[in-house]
Student: 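Okay, here's the structure, questions in a sec.
Atoms within a ligand are numbered from 1 in the order they appear, just like the ligands themselves. As a basis for the values below, the full set of heavy atoms in this structure was taken, side chains included, without hydrogen atoms, waters or symmetry mates.
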Amino acid sequence: MSNLRGAYIDLAAIRENIKVLQDLAKNSEVMAVVKADAYGHGLIPVAKAARQGGATWLGTALLEEAIHLRKSGDKGRILTWLGSPKDNWQECIDLDIDVSVSSIEIASAIIGAAKKSGKSANVHIKVDTGLGRNGVMPNDLADLTKVLEEAKAAGQINVVAVWTHFALADAPSSPTIAKQLEVLDQSFKFVESRGFKNLMKHAANSAATLTAPNAHFDLVRPGIAVYGITPGGEVGKASEYGLRPAMSLKANAALVKEVPAGHGISYGAEYVTKTDTKIALIPLGYADGVPRIAGNKGPVIAKGKKFSVAGRVCMDQFVIDIGDLDFATGDEVVLFGDPAKNEPDVEEWAKASQSIGYEIVTRLGPRVPRIYLNEI
Ligand SMILES: *Cc1c(COP(=O)(O)O)cnc(C)c1O
């Protein structure tokens with residue numbers, strides 16, 4: 001029997017989740033956000049499944065993620081939005097990757113690259129409508145569009161869209177959402193007034209795709225929902241929207257043994273057995289992305305029963321106290337997966353780690369093999 005240890009990625013779930021999101025945003029195109037190695041699920045297989053599910057766009061943060069995607073053979077529309085001046089803008093332009101601009105410095109880098117490329121760059125103007133992160137401040141939009149107008153006249157750029165990102169989309173009741181949409185609308189109209197035509201408008205991440213139809217516009221940009229995980233906050237469970245988690249993290253016990261009552265478990269003996277009991281050693285640790293802070297907390301299913309990590313999570317391994325469970329060395333445990341299959345929800349690991357589902361899946365390390373199911 002082969003080793004079970006790994007993250008199992010159900011590509012059928014990715015395809016179906018894209019369809020669910022498309023149904024929610026019927027009149028919009030869907031961009032599957034595949035940054036950070038597709039949220040730890042694996043960039044290339046996930047991108048392929050997302051395309052099969054109907055995503056007409058793929059989105060990445062870093063330029064090199066987009067370049068890697070294109071070089072892997074992806075033929076569809078790709079947008080990348082987080083570059084600094086010395087990044088390889090020219091390769092993006094050569095490879096027909098749309099780029100985002102938030103400043104004159106980046107506009108200059110893009111324009112310089114377009115001159116060298118001999119092609120015009122497809123540019124999305126990102127506006128800081130209130131997130132306070134990337135994006136041009138509305139007050140600086142006039143100066144930025146002036147630079148873009150000249151570059152357009154010279155055939156170096158083509159402005160495709162005006163776009164933004166929400167600060168509090170996971171709190172649908174927050175008044176900041178309407179406020180940000182108002183600033184986006186004003187910015188959009190301003191850019192149009194400068195002679196840019198046929199512009200797209202986009203704003204919605206997963207939370208807004210699920211809860212804010214008035215923010216869907218031409219394109220929605222879900223990330224975490226594609227993987228069947230809730231953005232958290234007030235959004236509720238992913239299953240309430242018909243989304244299903246794609247990833248299950250599993251391992252075989254490396255050792256099962258009996259220990260007496262009063263036995264300290266793992267470094268620091270932060271767990272001490274209360275009775276004579278059995279412990280199982282699980283070969284996944286913080287080097288694999290199991291959060292160390294989840295010691296004595298993280299949930300684990302063995303033979304359908306739920307246990308918690310006993311004591312500290314170590315670099316390569318942790319222990320569970322399984323009492324008198326009928327369980328042997330080599331038997332299977334599940335850290336998280338699909339709650340509909342009685343696997344812990346990744347949200348439980350997020351809570352046990354004072355974190356969010358996003359971090360739990362993206363931090364899984366390269367020592368965890370990704371095993372793909374239902375690839376077509
Ligand atoms: C990461 C990201 C998304 C996707 O966010 P989710 O909350 O995962 O849906 C969308 N747009 C931008 C700009 C992002 O950085």
Side-chain angles (χ1 to χ4, degrees), residues 14 17-18 20-22 24-25 28-41 43 46-47 50 53 55-63 65-66 69 77-83 97-102 106 123-136 160-172 174 176-177 180-181 184 187 200-212 215-236 238 241 243 245-247 346-347 350 355-363:
I14 301 284
N17 291 339
I18 296 283
V20 167
L21 294 160
Q22 179 71 79
L24 276 165
S28 312
E29 293 189 62
V30 174
M31 171 189 289
V33 177
V34 292
K35 61 191 180 189
D37 201 27
Y39 289 49
H41 292 61
L43 176 63
V46 166
T56 49
W57 289 76
L58 296 174
T60 72
L62 303 185
L63 277 62
E65 298 176 301
L69 194 50
R77 217 90 194 242
I78 303 173
L79 171 65
T80 175
W81 53 74
L82 188 59
I97 294 165
D98 288 34
V99 294
S100 175
V101 63
S102 297
I106 295 298
V123 170
H124 299 229
I125 302 174
K126 187 169 196 185
V127 183
D128 183 349
T129 59
L131 172 59
R133 203 175 68 178
N134 206 355
V136 60
V160 174
V162 178
W163 72 299
T164 196
H165 195 46
F166 289 113
L168 279 151
D170 59 344
S174 166
T176 62
I177 292 161
Q180 285 194 258
L181 287 178
L184 178 63
S187 305
M200 296 175 77
K201 187 193 278 186
H202 54 98
N205 55 5
S206 295
T209 304
L210 298 174
T211 66
H216 287 171
F217 304 123
D218 301 300
L219 173 71
V220 293
R221 305 189 312 268
I224 198 77
V226 169
Y227 309 97
I229 297 169
T230 177
E234 296 168 14
V235 177
Y241 300 89
L243 299 165
M247 183 192 286
V346 73
E347 285 302 289
S355 185
I356 51 178
Y358 296 79
E359 189 180 9
I360 302 297
V361 288
T362 56
R363 66 185 294 162

Student: What's the separation between atom OG1 in Thr164 and atom CG in Asn134, rounded to the nearest 0.5 Å?
Tutor: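 If we round to the nearest 0.5 Å, Thr164:OG1 and Asn134:CG are 10.0 Å apart.
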Student: Taking non-hydrogen atoms within less than 4.0 Å of ligand 1, which protein residues qualify?
Tutor: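 Its neighbours under 4.0 Å (heavy atoms only) are Val33, Lys35, Tyr39, Trp81, Lys126, Arg133, Trp163, His165, Asn205, Ser206, Arg221, Pro222, Gly223, Ile224, Tyr358, given by chain and number.
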Student: Return the set of residues passing side-chain contact (heavy atoms from CB on, under 4.5 Å) with Asp98 (not counting sequence neighbours), or none when no residue passes.
Tutor: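 Here the qualifying residues are Trp57, Arg77, Leu79, Asn122, His124, Val160.
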Student: Once you round to the nearest 0.5 Å, how far does CD of Gln180 lie from OG of Ser187?
Tutor: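 Interatomic distance, Gln180 CD to Ser187 OG, rounded to 0.5 Å: 11.0 Å.
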Student: Can you sort out the partners of Thr56 under side-chain contact (heavy atoms from CB on, under 4.5 Å), two or more places apart, ordered by chain and number?
Tutor: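 Expected list: Glu29.
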Student: Applying ring-ring contact (aromatic ring centres under 6.0 Å, His included), name anything that partners Tyr39, two or more places apart in sequence or on another chain.
Tutor: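 If we apply the ring-ring contact (aromatic ring centres under 6.0 Å, His included) test to Tyr39, skipping adjacent residues, the hits are Tyr227.
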Student: Report yes if the side chains of Leu210 and Leu243 come closer than 4.5 Å at any heavy-atom pair, otherwise no.
Tutor: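 Yes; the side chains approach each other to less than 4.5 Å.
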